[in-house]
Protein chains: 2
Amino acid sequence: MGIPIYIRIADDIKEKINSGELKPGDAIYSENALCRAYNASRMTVRRGLALLANEGYIYSIPGKGNFVQEPDHNTYTLYYNEMKNFISSVDKTKLLEVNIVLPNYKLMNSLQVNPNKKIISIRRLFFTEGEPVAYDVKYLPYYKGMPIVEKEIHYATFPEMVAKSTSLFAIKKQLVIYAQMPDEEIKKHLNIYNEQPLMVVEQKLYNREDKPIGLGITYFKADYCKLYAESYFSDINSNEKYKDEDEKN
Amino acid sequence: MGIPIYIRIADDIKEKINSGELKPGDAIYSENALCRAYNASRMTVRRGLALLANEGYIYSIPGKGNFVQEPDHNTYTLYYNEMKNFISSVDKTKLLEVNIVLPNYKLMNSLQVNPNKKIISIRRLFFTEGEPVAYDVKYLPYYKGMPIVEKEIHYATFPEMVAKSTSLFAIKKQLVIYAQMPDEEIKKHLNIYNEQPLMVVEQKLYNREDKPIGLGITYFKADYCKLYAESYFSDINSNEKYKDEDEKN
DNA sequence: CAGTGGTCTAGACCACTTG
DNA sequence: AAGTGGTCTAGACCACTGC
């Protein structure tokens, strides 16, 4: 049969955990016991256990054994792209303003810069099918040799704008998400006449040295922004390619 | 030196990727080449590469090689607990109503049940320091032997309420997050007198067979709900325990 | 002390891609 | 045919926990 042993081991144990036969805190059979049970070498058994550990199912205590992990049910995978969310896609942007400013107190704090540091501020409107759907402000501390091209200003997402020099891998990001009523200026830009709230997404970018390299605040018309998240582990179970054979058994 | 070889291999390659020396699409040295370079066996080299693959840095094509992955900069890790968010913690709940209802159209659709299926509906208020901060509704299809105890109704989070029978592992969850104005009933319950929006979080739970087993909708007063998310890979870099030694080099 | 997990080796065979 | 990654073995030594 084509299913690798380590996958079978992982799936079997996973099944025991999902079905409740093994509960958080319970010990797994020892690696040597699993070797005998599956007639496999220890490296193969350990590979199976490594899979489970990566997916958050088990943890190990050296000298004691492998144990079922308490699942973290507060952690989700969130998909967020300022230009493309669950219900709408930005197809046009309008540049309202590009400016060099000095930081106010909040910016100094957020970007960890001194009061004399020049900050590039970019204000944009996002459109979906002719309708203004979001008002967007980006602040980036100005560093030498920072090439901001017109095309980027219009269509690049924030990480793409900032990551010209370093690799996108190196960038750490934080989001803070909340609801808010629009002020008069935003109401004007987004054509809001009734009482309608905003979804606000603050995006903060850090470089490899944990230094802030950008702050973006996007104000979405509530109607045009739903965010979507799902359980952290969407079961990377028996790597798809074995799914069919799996069902036959 | 105490740092395992496979960690060193992974860190070295990670460094090349983070610094931009290796770009997405580039090929890594072959496994055999890395064996020679680090004077290590192939299993050890492969273990290092497995680390990188797990963290999304590289992927492999059998027969060809290992390649640097295009980073997914739209994926975040979101922390969400209905009882405890970024800025406030629920310290009291008030049960407004527990009811057995028949599903309306939206519920039938959401929970994939027929019109005669009995649904348990639970309406609660969440308080923080005496202040009502959220209005919460849960719908769970009623199944035999479903023990809902008073204590759970007050203080359990949704996954905990539902997961009495199966393991929490088996539960898949989806969140949809949006902003909305409160209707009159919610305004009343949450003591909202001015124009203040709500953060709404819909939480849908599925069992192992992908069948919906619960729908929860939580309406937070905007002031009391900020959600927080960060880059998917918070650098599980050189496993903490090696951090110090790492810096010495 | 025996048993556990953590690291590592030096081979093997396979399926695949490339020239 | 040579090189690549994918799976697997049968050992080894270590540090650790428990009795």
Side-chain angles (χ1 to χ4, degrees), chain A residues 1-13 22 25-69 236-246, chain B residues 1-13 22 25-69 236-246:
Chain A
M1 101 177 73
I3 306 179
I5 303 178
Y6 72 93
I7 301 262
R8 289 216 311 275
I9 296 175
D11 280 355
D12 287 355
I13 297 175
L22 284 172
D26 288 358
I28 312 272
Y29 288 127
S30 79
E31 296 177 357
N32 283 318
L34 288 169
C35 290
R36 291 190 294 273
Y38 286 89
N39 197 12
S41 77
R42 194 152 82 97
M43 280 309 259
T44 303
V45 167
R46 282 180 61 74
R47 200 170 160 189
L49 297 180
L51 265 188
L52 294 173
N54 272 322
E55 296 178 26
Y57 279 90
I58 64 171
Y59 63 96
S60 65
I61 302 180
K64 297 189 75 172
N66 287 282
F67 302 87
V68 178
Q69 177 79 258
I236 316 134
N237 241 333
S238 50
N239 298 350
E240 284 305 332
K241 85 185 219 202
Y242 301 114
K243 268 278 175 53
D244 296 338
E245 309 174 45
D246 220 29
Chain B
M1 97 177 79
I3 305 176
I5 303 177
Y6 71 94
I7 301 262
R8 289 217 310 275
I9 295 175
D11 281 355
D12 286 356
I13 298 175
L22 284 171
D26 287 357
I28 312 271
Y29 288 128
S30 79
E31 297 179 356
N32 283 318
L34 288 169
C35 291
R36 290 189 295 272
Y38 286 88
N39 197 13
S41 78
R42 195 151 83 95
M43 281 307 258
T44 303
V45 167
R46 282 179 62 73
R47 201 169 159 192
L49 296 180
L51 266 188
L52 295 173
N54 272 323
E55 296 178 27
Y57 279 90
I58 64 170
Y59 62 95
S60 64
I61 301 179
K64 297 189 76 175
N66 288 284
F67 301 87
V68 178
Q69 177 79 258
I236 317 139
N237 241 331
S238 50
N239 299 348
E240 284 304 334
K241 85 185 215 202
Y242 301 114
K243 269 276 172 59
D244 295 336
E245 310 176 43
D246 218 30

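Hydrogens, waters and symmetry mates are skipped; everything else that's a heavy atom, side chains included, is used. Per chain, numbering begins at 1; letters A, B, ... match sequence-line order.
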I need the [atom1]-[atom2] distance between [X] and [N], as an integer number of Å.
{"X": "B:N32", "N": "D:dG5", "atom1": "CG", "atom2": "C1'", "value": "9 Å"}
{"X": "A:I9", "N": "D:dT7", "atom1": "CD1", "atom2": "C1'", "value": "12 Å"}
{"X": "B:L51", "N": "C:dG6", "atom1": "CG", "atom2": "P", "value": "13 Å"}
{"X": "B:R46", "N": "D:dC8", "atom1": "CZ", "atom2": "P", "value": "11 Å"}
{"X": "A:Y38", "N": "D:dT9", "atom1": "OH", "atom2": "C1'", "value": "18 Å"}
{"X": "A:I3", "N": "D:dG6", "atom1": "CD1", "atom2": "C1'", "value": "16 Å"}
{"X": "B:Y6", "N": "C:dT7", "atom1": "OH", "atom2": "P", "value": "3 Å"}
{"X": "B:R47", "N": "D:dC8", "atom1": "CZ", "atom2": "P", "value": "17 Å"}

(message) Angle between the two end axes of the helix from C:dG3-D:dC16 to C:dT18-D:dA1, five base pairs per end, rounded to 10 degrees?
(response) 10°
Quick one: [atom1] on [X] to [atom2] on [Y], what's the gap to the nearest 0.5 Å?
{"X": "B:S30", "Y": "B:R42", "atom1": "OG", "atom2": "CZ", "result": "9.5 Å"}
{"X": "B:M43", "Y": "B:C35", "atom1": "CE", "atom2": "SG", "result": "11.0 Å"}
{"X": "B:Y57", "Y": "B:L22", "atom1": "OH", "atom2": "CG", "result": "12.0 Å"}

Show me the protein contacts with nucleotides 10-19 of chain C, counting only N or O atoms at under 3.5 Å.
residue : atom : partner : partner atom : Å
C:dT18  : OP1  : B:K64   : NZ           : 3.2

(message) For B:L51, run the side chain to side chain contact (heavy atoms under 4.5 Å, CB included) check against B:D11, B:I7, B:I9 and tell me which one passes.
(response) B:I7
(message) Counting only side-chain nitrogens and oxygens, does A:N66 get under 4.0 Å of the OP1 or OP2 atom of C:dG5?
(response) yes
(request) Please state whether the phosphate of C:dG6, meaning OP1 or OP2, lies under 4.0 angstrom from any side-chain nitrogen or oxygen of A:S60. (result) yes
(request) Apply side chain to side chain contact (heavy atoms under 4.5 Å, CB included) to the pair A:I13 and A:N66, showing each step before the final yes or no. (result) CA-CA 11 Å; A:I13 297 175; A:N66 287 282; over 6 Å; no
(message) Checking A:T44 now: which residues fulfil side-chain hydrogen bond (donor to acceptor under 3.5 Å, both in side chains) with it, not counting sequence neighbours?
(response) A:S41
(request) Quick one: closest heavy-atom pair of B:D12 and B:Y38, and the distance? (result) OD2-OH, 2.5 Å
(message) Restricting to non-hydrogen atoms, name the atom on A:L52 and the atom on A:A10 that form the minimum distance, rounded to 0.1 Å.
(response) CD2-O, 3.5 Å
(message) Regarding A:T44, tell me which of base, sugar-phosphate or nothing describes its non-hydrogen contacts under 4.0 Å with the strands shown.
(response) base
(message) Is there a side-chain contact between A:L34 and A:L49 in this structure, where contact means two heavy atoms from C-beta onward sitting under 4.5 Å apart?
(response) yes
